[in-house]
Amino acid sequence: MNSPSPTAQNEDVPANAASIVESPFFISVATEQIFAFLHEPQGLNADTAVIVCHASAEEKYWSHRVYVNFAREAARSGKAVLRIDFRGEGESDGEFESSGIRSRVDDVRVAVAALVQMRPGLRSVVLMGHRLGAMVAGLAAAELGSRISGLVLWDAVFDGRGYLMQVLRQHLAMQLSAGVTISADRESLLDSMLSGGRVNIEGYEFGNPLVSDMVDFAWHADARIWQRPALIVDVSSLAKPAVSPRSRQIADLHGEVTATAVKEAQFWRETRQFHRRAPSMMAATAEWLAEKFP
């Protein structure tokens, strides 16, 4: 692990906001490196840290500024926040087509170990997963056991197959709008990926191991995931958003799980508006963190 070096903040902040320190560095995983960025309150040893498990592919790209501002606001409230790029994405080593859910879970495991080594005074480590990153965060929490004190899931992908079919639908719609002749439907494309083929979706080569890791895998059924305080934040465009049946089922089965729904723009999709913050999701998360990890 390379030692982090502080950098200046580039974001406009309120005059009375607490100062923070931001430090980029790399973490070694076998022969590869993960890019990491630590946000901390200046002059205060935070006893709780949040590790952000990002969405994937284009969803990560559109979500980047929201992650940065979430990390900065959490750091100003006294929490440390570590953002990492999974291998095959962002500034980390590796190729997207070579990474899967397993490699992402390994990246989280290594990041947790590095963070605890860097900041031995930490009492709590919380994993925050967004979209496909929620699957990664949940599985990492199950594997790491008591080393993970809490879990936050933003618009979690509970159904990997359904997620892939949605991605493929958008892919085919974009091709049609561009005048490309469509020769295969979604099921055929999915079967091809499962059989070792790849589909280039907005510059990302989707295939195995990622696709096989996701399909027909009910990751949320692992009870070990929910043996800690957890917050599930569902997103809706409705004026009165409602918790999804899946999230409600998980909360009903596991007493430490809180499920809530907020009205929020889907900032992880390409829209006409560039989203710097996710105010409803960030507020719900900040309130939960303050309650569970004061």
Side-chain angles (χ1 to χ4, degrees), residues 7-24 35-39 50-77 79 81-86 88-92 96 104 128-137 152-157 163 166-178 200-206 231 233-239 241 260-287 289:
T7 64
Q9 301 174 42
N10 296 317
E11 199 76 19
D12 292 334
V13 298
N16 61 346
S19 297
I20 62 175
V21 177
E22 300 181 314
S23 308
F35 178 72
F37 209 111
L38 181 62
H39 307 255
V50 179
I51 297 179
V52 178
C53 302
H54 60 72
S56 285
E58 282 293 283
E59 292 189 348
K60 175 188 186 299
Y61 174 82
W62 292 108
S63 302
H64 176 74
R65 180 50 53 184
V66 172
Y67 298 154
V68 171
N69 284 326
F70 164 79
R72 287 175 171 168
E73 292 182 23
R76 292 185 193 110
S77 73
K79 305 290 190 292
V81 180
L82 182 67
R83 295 186 295 109
I84 62 172
D85 288 345
F86 295 136
E89 300 200 63
E91 302 302 317
S92 293
F96 183 84
R104 288 166 168 81
M128 192 194 89
H130 177 219
R131 300 288 288 154
L132 193 62
M135 179 187 295
V136 176
V152 176
L153 307 181
W154 282 6
D155 202 61
V157 173
Y163 168 82
Q166 183 183 57
V167 169
L168 290 171
R169 180 170 61 248
Q170 293 168 346
H171 169 65
L172 293 176
M174 289 179 63
Q175 289 202 315
L176 280 172
S177 66
N200 187 296
I201 301 175
E202 297 185 283
Y204 297 88
E205 294 285 343
F206 277 77
L231 173 68
V233 184
D234 291 334
V235 174
S236 172
S237 60
L238 301 175
T260 188
V262 299
K263 182 178 180 180
E264 194 81 81
Q266 293 185 336
F267 57 85
W268 53 92
R269 303 190 191 283
E270 183 176 359
T271 62
R272 293 182 179 180
Q273 179 182 357
F274 179 68
H275 298 278
R276 300 171 66 87
R277 300 179 71 256
S280 298
M281 299 172 80
M282 290 165 67
T285 303
E287 181 179 350
L289 286 170

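Predicted, not measured: the structure shown is a model, and the values here were computed from it. Just so you know, residue 1 is the first one in the sequence shown, and it goes up from there.
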[Y] ring center within less than 6.0 Å of [X] ring center:
{"X": "H171", "Y": "F206", "value": "no"}
{"X": "H39", "Y": "Y67", "value": "no"}
{"X": "W154", "Y": "F70", "value": "yes"}

Note to self: Going by salt bridge (charged side-chain N to carboxylate O under 4.0 Å, His left out), name the residues that satisfy it together with E58, two or more places apart in sequence or in a different chain.
What the structure shows: none

If you define the side chain from C-beta out and look only at heavy atoms, does anything of [X] sit under 4.5 Å from [Y]?
{"X": "S63", "Y": "F267", "value": "yes"}
{"X": "V52", "Y": "L82", "value": "no"}
{"X": "S56", "Y": "E89", "value": "yes"}
{"X": "L231", "Y": "T285", "value": "yes"}
{"X": "R277", "Y": "M282", "value": "yes"}

Please answer whether the main-chain N or O of [Y] pairs with a side-chain N or O of [X] as donor and acceptor at a distance below 3.5 Å.
{"X": "S92", "Y": "D85", "result": "yes"}
{"X": "N69", "Y": "R276", "result": "yes"}
{"X": "S280", "Y": "K263", "result": "yes"}

Reported [atom1]-to-[atom2] distance for the pair [X] and [Y], which is rounded to 0.5 angstrom:
{"X": "E73", "Y": "I20", "atom1": "CD", "atom2": "CD1", "result": "9.5 Å"}
{"X": "D155", "Y": "L132", "atom1": "CG", "atom2": "CG", "result": "12.0 Å"}
{"X": "M281", "Y": "E264", "atom1": "CE", "atom2": "CD", "result": "6.0 Å"}
{"X": "I84", "Y": "L38", "atom1": "CD1", "atom2": "CG", "result": "12.0 Å"}

Notebook entry, point to check: Counting heavy atoms not belonging to Y61, are there more than 12 under 6.0 Å from its OH?
Noted result: no

Note to self: Under a 3.5 Å cutoff, is there a donor and acceptor pairing between the side chains of R83 and H54?
What the structure shows: no

Margin query: My understanding is that only residues two or more places apart in sequence, or in another chain, count here; which of them pass side-chain contact (heavy atoms from CB on, under 4.5 Å) with E205?
Written below: E97, R198, N200

